[in-house]
*Asks:* 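Okay, handing you the structure first.
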Amino acid sequence: GSQKDPQRQQRMLELFDRYFDHVLVHGDPALVPFERTFAHVPELGARLHYTGYVIDALAPDGDAGDGTLDGRDEVLVSAGGGAVGLPLLMAAIHARQLTRLAGARWRVLVGAGIGAAAFADLAALAFSLHGQGVVVERNRPDFPQLLRRCRLSVSQAGYNTVLETLQAATRALLLPFAGGNETEQTLRAQLLADHGWVDLVAESALTPATLAQAIDRAAARAPLTIGQVRLNGAAA
């Protein structure tokens, strides 16, 4: 939420005082302090508890038995489940030859919201530009494992994707979806960039060239250290 409505915030505080003993915040103040969105945090005092973020524990990493692991040292490009990610996927395929990672394998994951014809176009574009160097496939349930193995993740800034990226402690470039009145992804990505944890490209600035420059920047940074953000909210 936001602090745009002081009367509503005051009413929330009164309801809390009347009916509740404690408030659990699914988050980590190292990333977003609750006072960013709620003005009356000082009045909550010791009744406020941060649990950490809630995310499934990462399954142990095992290969398929043949010693080859999808994702290892790859550039992993993803855009969630909707159709809005298509420009990012297209730009990434065009950007590959402009980056210092043109020799790496790139894996482009395509959400269900992108139909069969557009999927075929992406695959044909990737093959015509890069041959076997770029794999185009549908979103995979082992995305968290791919994230942990990859050299760099290029994605939008949806809640689950960002938490999985932090959990994997991988280098990341975020391109937050900003269509309509959507501000949540931009705010989330900007906070992470302010911490120096990720690189950021605004959707309005997306071209293969700007994406390639940002990919080179992101690939050159030190990887995150695991544990910078608390992700044990379910257990807590």
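Numbers here simply count residues along the sequence, with the first being 1. These numbers come from a predicted model, not from an experiment.
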*Asks:* Walk me through it: do Arg138 and Phe119 pass the test side chain to side chain contact (heavy atoms under 4.5 Å, CB included)?
*Replies:* CA-CA 8 Å; Arg138 289 293 185 181; Phe119 179 88; 3.7 Å; yes
*Asks:* Atom CG of Asp73 and atom CG of Leu152: how far apart are they, to the nearest 0.5 Å?
*Replies:*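 If I round to the nearest 0.5 Å, the distance is 11.5 Å.
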*Asks:* So which heavy atom on Val134 is nearest to which on Val108, and how close?
*Replies:*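 In terms of heavy atoms, the two residues are closest at CG1-CG2, 3.9 Å.
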*Asks:* Determine whether a donor-acceptor pair (N or O, by modelled atom type, separation under 3.5 Å) exists between the side chain of Thr165 and the backbone of Thr161.
*Replies:*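 Yes, because the side chain of Thr165 sits within donor-acceptor range (under 3.5 Å) of the backbone of Thr161.
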*Asks:* Leu89 and Ser78: which non-hydrogen atoms are nearest, and at how many Å?
*Replies:*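 For Leu89 and Ser78, the tightest heavy-atom pair comes out as CD2-C, 4.2 Å.
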*Asks:* Could I get the full list of side-chain contact (heavy atoms from CB on, under 4.5 Å) partners for Leu24, not counting sequence neighbours?
*Replies:*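 Leu24: side-chain contact (heavy atoms from CB on, under 4.5 Å) contacts with His49, Thr51.
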*Asks:* Between Arg11 and Asp5, is there a side-chain N and carboxylate O pair less than 4.0 Å apart?
*Replies:*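 No.
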*Asks:* Check for me whether the distance between the ring centres of Phe38 and His40 falls short of 6.0 Å.
*Replies:*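 Yes, ring centres under 6.0 Å apart.
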*Asks:* Is there a donor-acceptor pair under 3.5 Å between the side chain of Glu164 and the backbone N or O of Pro144?
*Replies:*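 Looks like no, no N/O pair under 3.5 Å.
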*Asks:* Closest heavy-atom contact between Phe34 and Leu48?
*Replies:*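 Heavy atoms of Phe34 and Leu48 come nearest at CD2-CD1, 3.9 Å.
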*Asks:* Show me, pair by pair, the donor-acceptor contacts under 3.5 angstrom made by side chains of residues 92-104, not counting sequence neighbours?
*Replies:*
{"unit_1": "Arg96", "atom_1": "NE", "unit_2": "Ala104", "atom_2": "O", "d": "3.3"}
{"unit_1": "Arg96", "atom_1": "NH1", "unit_2": "His130", "atom_2": "ND1", "d": "3.3"}
{"unit_1": "Arg96", "atom_1": "NH2", "unit_2": "Ala102", "atom_2": "O", "d": "2.9"}
{"unit_1": "Arg96", "atom_1": "NH2", "unit_2": "Ala104", "atom_2": "O", "d": "2.7"}
{"unit_1": "Thr99", "atom_1": "OG1", "unit_2": "Arg96", "atom_2": "O", "d": "2.9"}
{"unit_1": "Thr99", "atom_1": "OG1", "unit_2": "Leu101", "atom_2": "N", "d": "3.1"}
{"unit_1": "Thr99", "atom_1": "OG1", "unit_2": "Ala102", "atom_2": "N", "d": "3.4"}

*Asks:* Show me the pairs that pass salt bridge (charged side-chain N to carboxylate O under 4.0 Å, His left out) and involve residues 179-190, at least two apart or across chains.
*Replies:*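 Of all non-adjacent pairs touching residues 179-190, those that pass salt bridge (charged side-chain N to carboxylate O under 4.0 Å, His left out) are Glu184-Arg188.
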*Asks:* Hey, mind stepping through Leu166 and Leu192 against side chain to side chain contact (heavy atoms under 4.5 Å, CB included) and telling me if it holds?
*Replies:* CA-CA 10 Å; Leu166 291 171; Leu192 291 165; 4.0 Å; yes
*Asks:* Could you state the interatomic distance from NE2 (His26) to CD1 (Ile55), rounded to the nearest 0.5 Å?
*Replies:*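 Going from the NE2 atom of His26 to the CD1 atom of Ile55 covers 13.5 Å.
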*Asks:* Pairs in or reaching into residues 190-212: which pass salt bridge (charged side-chain N to carboxylate O under 4.0 Å, His left out), with residues at least two apart or in two chains?
*Replies:*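 Applying salt bridge (charged side-chain N to carboxylate O under 4.0 Å, His left out) to every pair that reaches into residues 190-212, excluding sequence neighbours, yields Asp199-Arg217, Asp199-Arg221.
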*Asks:* Not counting sequence neighbours, which residues clear side-chain contact (heavy atoms from CB on, under 4.5 Å) with Asn160? List them please.
*Replies:*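 Testing Asn160 for side-chain contact (heavy atoms from CB on, under 4.5 Å), a comparison that skips the adjacent residues, returns none.
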*Asks:* Going from OH on Tyr19 to CD on Glu14, what distance comes out if it is rounded to the nearest 0.5 angstrom?
*Replies:*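 Reported to 0.5 Å precision, the distance equals 11.0 Å.
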*Asks:* With a 4.5 Å limit on heavy-atom distance, are the side chains of Leu174 and Ser155 in contact?
*Replies:*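 Side chain of Leu174 against side chain of Ser155, heavy atoms only: contact under 4.5 Å found.
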*Asks:* Can you confirm whether more than 12 heavy atoms, excluding those of Asp56, are under 6.0 Å from its CG atom?
*Replies:*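 12 or below, so no.
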*Asks:* At what distance, to the nearest 0.5 angstrom, does CG of Leu44 lie from CG of Leu13?
*Replies:*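 Taking CG in Leu44 and CG in Leu13, the distance rounds to 6.5 Å.
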*Asks:* Please report the interatomic distance CG(Leu175) to OG(Ser204), rounded to the nearest 0.5 Å.
*Replies:*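 Reported value, rounded in 0.5 Å steps: 9.0 Å.
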*Asks:* Just do the side chain to side chain contact (heavy atoms under 4.5 Å, CB included) check on Cys150 and Val75 with the steps written out, would you?
*Replies:* CA-CA 6 Å; Cys150 74; Val75 175; over 6 Å; no
*Asks:* Given side chains that start at C-beta, do those of Ile215 and Trp106 come closer than 4.5 Å, heavy atoms only?
*Replies:*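 Ile215 reaches Trp106 side chain to side chain.
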*Asks:* After noting the C-alpha distance and the side-chain angles of Asp17 and Arg47, does the key distance pass the side chain to side chain contact (heavy atoms under 4.5 Å, CB included) rule?
*Replies:* CA-CA 10 Å; Asp17 281 338; Arg47 299 175 295 172; 3.0 Å; yes
*Asks:* Can you name the nearest heavy-atom pair linking Ala214 to Val201, along with the distance?
*Replies:*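 Scanning both residues completely, I find the closest heavy atoms to be CB-CG2, 3.3 Å.
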*Asks:* Taking the hydrophobic residues Ile, Leu, Val, Met, Phe, Trp and Tyr, and joining any pair whose side-chain heavy atoms are under 4.5 Å apart, which ones share a cluster with Phe143?
*Replies:*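 Noted: Phe143 shares its cluster with Leu76, Leu109, Leu146, Leu147.
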*Asks:* Using links of under 4.5 Å between side-chain heavy atoms of ILVMFWY residues, direct or through other members, which residues join Val84 in one cluster?
*Replies:*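 Val84 shares its hydrophobic cluster with Phe177.
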*Asks:* Are any of the side-chain heavy atoms of Arg148 and Thr170 separated by less than 4.5 Å?
*Replies:*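 The answer is no; the side chains never approach within 4.5 Å.
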*Asks:* Identify the two heavy atoms, one from Pro176 and one from Leu200, that lie closest to each other, and give their separation to 0.1 Å.
*Replies:*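 Closest approach of Pro176 to Leu200, heavy atoms only: CD-CD1, 3.4 Å.
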*Asks:* More than 12 heavy atoms of other residues, nucleotides or ligands under 6.0 Å from CZ of Phe127: is that the case?
*Replies:*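 Not buried by this count: 12 neighbours or fewer within 6.0 Å.
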*Asks:* Which heavy-atom pair separates Ala91 from Leu211 by the least distance, and what is that distance?
*Replies:*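 That would be C-CD2, 3.7 Å.
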*Asks:* Rounded to the nearest 0.5 Å, what separates atom CG in Leu122 from atom CD1 in Ile114?
*Replies:*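 Result: 6.0 Å between the selected atoms.
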*Asks:* Could you work out, with side-chain hydrogen bond (donor to acceptor under 3.5 Å, both in side chains) as the rule, every residue matching Thr210, not counting sequence neighbours?
*Replies:*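 Once residues adjacent in sequence are excluded, the partners of Thr210 under the side-chain hydrogen bond (donor to acceptor under 3.5 Å, both in side chains) criterion are Thr207.
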*Asks:* List the residues meeting side-chain contact (heavy atoms from CB on, under 4.5 Å) with Ala123, not counting sequence neighbours, and say none if there are none.
*Replies:*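 With neighbours one apart ignored, the set is Val136.
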*Asks:* In this structure, would Leu88 and Tyr159 fall into the same cluster of hydrophobic residues linked by side-chain contacts under 4.5 Å?
*Replies:*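 No.
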*Asks:* Can you list every pair that meets salt bridge (charged side-chain N to carboxylate O under 4.0 Å, His left out) and has a residue in residues 106-128, with sequence neighbours left out?
*Replies:*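 For residues 106-128: Asp70-Arg107, Glu74-Arg107, Arg107-Glu137.
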*Asks:* Name all residues meeting the side-chain contact (heavy atoms from CB on, under 4.5 Å) criterion together with Val32; count only those two or more places apart in sequence or in a different chain, and write none if there are none.
*Replies:*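 side-chain contact (heavy atoms from CB on, under 4.5 Å) list for Val32, sorted by chain: Arg36, Tyr53, Leu191.
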*Asks:* Residues in ring-ring contact (aromatic ring centres under 6.0 Å, His included) with His195, at least two apart?
*Replies:*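 Trp197.
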